[in-house]
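Beneath this line is the structure, given in structure tokens, with notes to follow.
Since this is a predicted model, take the numbers as computed values, not measurements.
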Amino acid sequence: MGERGLRVIREFQSYYDDLNGVRRAIVQRIPIAPGERWLDVGTGDGWFALEIEKTGSPGMVVGIDLARCEVELARQHARDLSSRSSAFVQMDAYRLAFPSETFDGVGTFLALQDICLDLPSLHRFFGEIRRVLKPGGWLALATTTPEDAETPSQRLALEIYQYIRAGFFTKAEIRAALERMGFQVEQVEFYPTGVNLDPDEARAFIQFECDWLERAYGWRNKPDWRAVWARFEPRIRELGGLEVDAKVTFFLARKARSPEPLRAAPVSASAEVHA
């Protein structure tokens, strides 16, 4: 990657760290009471967990991720911010190493498409979250719903994500899965981030995404970024850029009742991309 590509990635990473205040806006919509314990699943570099801590209310925020390098980065960000109530741990999202009814709330920000590959894994994931939530506990879920993409550029960004590594669920699928697993959906809202990469920035972003799979998860059968770029370059240039994570869908749900029974469907760790 050349110097321009590195600069693009640094700038994009810096932008992603903030996302035009979308993380902050979503956290402000979550009813966090003083002294509560919160869990951030698929914490990545830790910004959502640290944003929850910034409210000044929670007694403890724990961020978990399957990738060790992400956990180490989150810990560094916590040190940089002199965090006093956030902790970051490497952990599998389908096998949360906490007793039942540990947390008052669980959050996950733009990680669902990496954690869950299909509807059975989505049900299992929500079931594990429900297990560690106290009665009446909150689930704050921020994701991307493909049917709500507003422009061809946004739809192309979703297509590229899906081609490289991720899958997405519709609002109806997420709501149905939440309700099946005993949650009551209280709110569904949308937040624009405004991100729009020019073609050169999009090229660097595709390289970063492909290389990140091996760096974070040891995924050696990752797609070659050059092949991905060759496949999508004409459409990116035709559209003048790529709107990546341009619109976030936010669900606020509450643990309300017993879940419906599910058939056992083991999920192997090798099948999980991100936790």
Side-chain angles (χ1 to χ4, degrees), residues 8-9 11-30 42 44-45 47-48 51 107-119 122 139-179 185-210 212 223 225 228-253 273-274:
V8 166
I9 290 305
E11 291 176 355
F12 181 80
Q13 187 63 49
S14 175
Y15 176 85
Y16 185 78
D17 291 347
D18 179 70
L19 277 179
N20 274 351
V22 167
R23 283 189 185 85
R24 188 175 310 111
I26 287 176
V27 166
Q28 290 173 352
R29 298 290 289 161
I30 303 173
D45 44 19
W47 292 122
F48 195 58
E51 199 65 58
T108 182
F109 188 91
L110 294 184
L112 184 66
Q113 65 269 21
D114 297 331
I115 296 171
C116 301
L117 303 180
D118 52 28
L119 288 175
L122 183 65
L139 170 58
L141 168 65
T143 187
T144 300
T145 44
E147 73 274 21
D148 295 302
E150 297 177 334
T151 68
S153 180
Q154 290 179 17
R155 289 189 284 272
L156 179 58
L158 292 173
E159 184 181 341
I160 292 172
Y161 262 135
Q162 289 175 307
Y163 185 82
I164 294 174
R165 63 182 174 89
F168 294 92
F169 301 95
T170 66
K171 289 195 305 298
E173 288 171 332
I174 294 171
R175 180 185 287 272
L178 286 169
E179 292 175 349
V185 178
E186 301 284 349
Q187 295 173 215
V188 179
E189 300 175 347
F190 299 98
Y191 292 82
T193 67
V195 64
N196 191 356
L197 307 179
D198 69 30
D200 289 336
E201 291 168 342
R203 180 179 183 272
F205 169 74
I206 287 172
Q207 181 177 357
F208 174 83
E209 284 291 306
C210 292
W212 174 82
W225 74 267
V228 177
W229 174 246
R231 180 185 182 93
F232 292 102
E233 178 186 7
R235 293 165 64 190
I236 292 172
R237 293 198 181 281
E238 180 182 358
L239 293 171
L242 194 66
E243 296 177 77
V244 177
D245 292 329
K247 188 175 182 181
V248 175
T249 307
F250 172 57
F251 293 80
L252 184 63
V273 177
H274 192 272

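Leu110 places a side-chain heavy atom less than 4.5 Å from the side chain of Asp245. Within the 4.5 Å cutoff, side-chain heavy atoms of Tyr163 are placed close to those of Arg231. Under the 4.5 Å side-chain criterion, counting only non-hydrogen atoms from C-beta, Lys247 is not in contact with Pro192. The shortest distance between side-chain heavy atoms of Arg29 and Leu252 does not fall below 4.5 Å. Side-chain atoms of Glu189 and Phe251, non-hydrogen and from C-beta on, never get closer than 4.5 Å to each other.
Note that CD1 of Ile26 is 5.5 Å distant from OH of Tyr191, once rounded to the nearest 0.5 Å. For the atom pair Ile160 CD1 and Ile164 CD1, the distance stands at 6.5 Å (nearest 0.5 Å). Here the CG-CZ distance, from Asp148 to Phe190, works out to 4.0 Å after rounding to the nearest 0.5 Å. The distance from atom CG of Asp198 to atom CZ of Arg203, rounded to the nearest 0.5 Å, is 12.0 Å. With rounding to the nearest 0.5 Å, the separation of CD in Glu147 from CZ in Arg155 is 12.0 Å. Here the CZ atom belonging to Phe232 is positioned 12.0 Å from the CG atom belonging to Leu239, to the nearest 0.5 angstrom.
Residues Glu243 and Thr151 bring a donor and an acceptor atom of their side chains to less than 3.5 Å of each other. No side-chain donor-acceptor contact under 3.5 Å links Tyr161 and Glu159.
Val188 approaches Arg175 most closely through the heavy-atom pair CG2-NH2, 3.5 Å. Of all non-hydrogen atoms in Thr145 and Thr170, the two that sit nearest each other are CG2-C, 4.0 Å. Residues Ala111 and Gly42 come closest through the heavy atom pair CB-O, 3.7 Å. When every heavy atom of Leu242 is checked against every heavy atom of Ser153, the shortest pair comes out as CA-OG, 3.3 Å. Residues Thr143 and Leu112 approach most closely at OG1-CB, 4.0 Å, considering heavy atoms. The two residues Ala202 and Ile236 come nearest to each other via the heavy atoms CB-CG2, 4.0 Å.
At a threshold of 4.0 Å, the pair Glu51-Arg23 does not count as salt-bridged, since none of the basic side-chain nitrogens sits closer than that to a carboxylate oxygen.
For Gln113 (side chain) and Thr144 (main-chain N/O), no donor-acceptor pair under 3.5 Å exists by modelled atom type. Gln154 places a side-chain N or O within 3.5 Å of a backbone atom of Glu150 that can act as its donor or acceptor partner.
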**Asked** Under the side chain to side chain contact (heavy atoms under 4.5 Å, CB included) criterion, do Val244 and Phe205 qualify, and how do the steps go?
**Response** CA-CA 9 Å; Val244 177; Phe205 169 74; 3.6 Å; yes
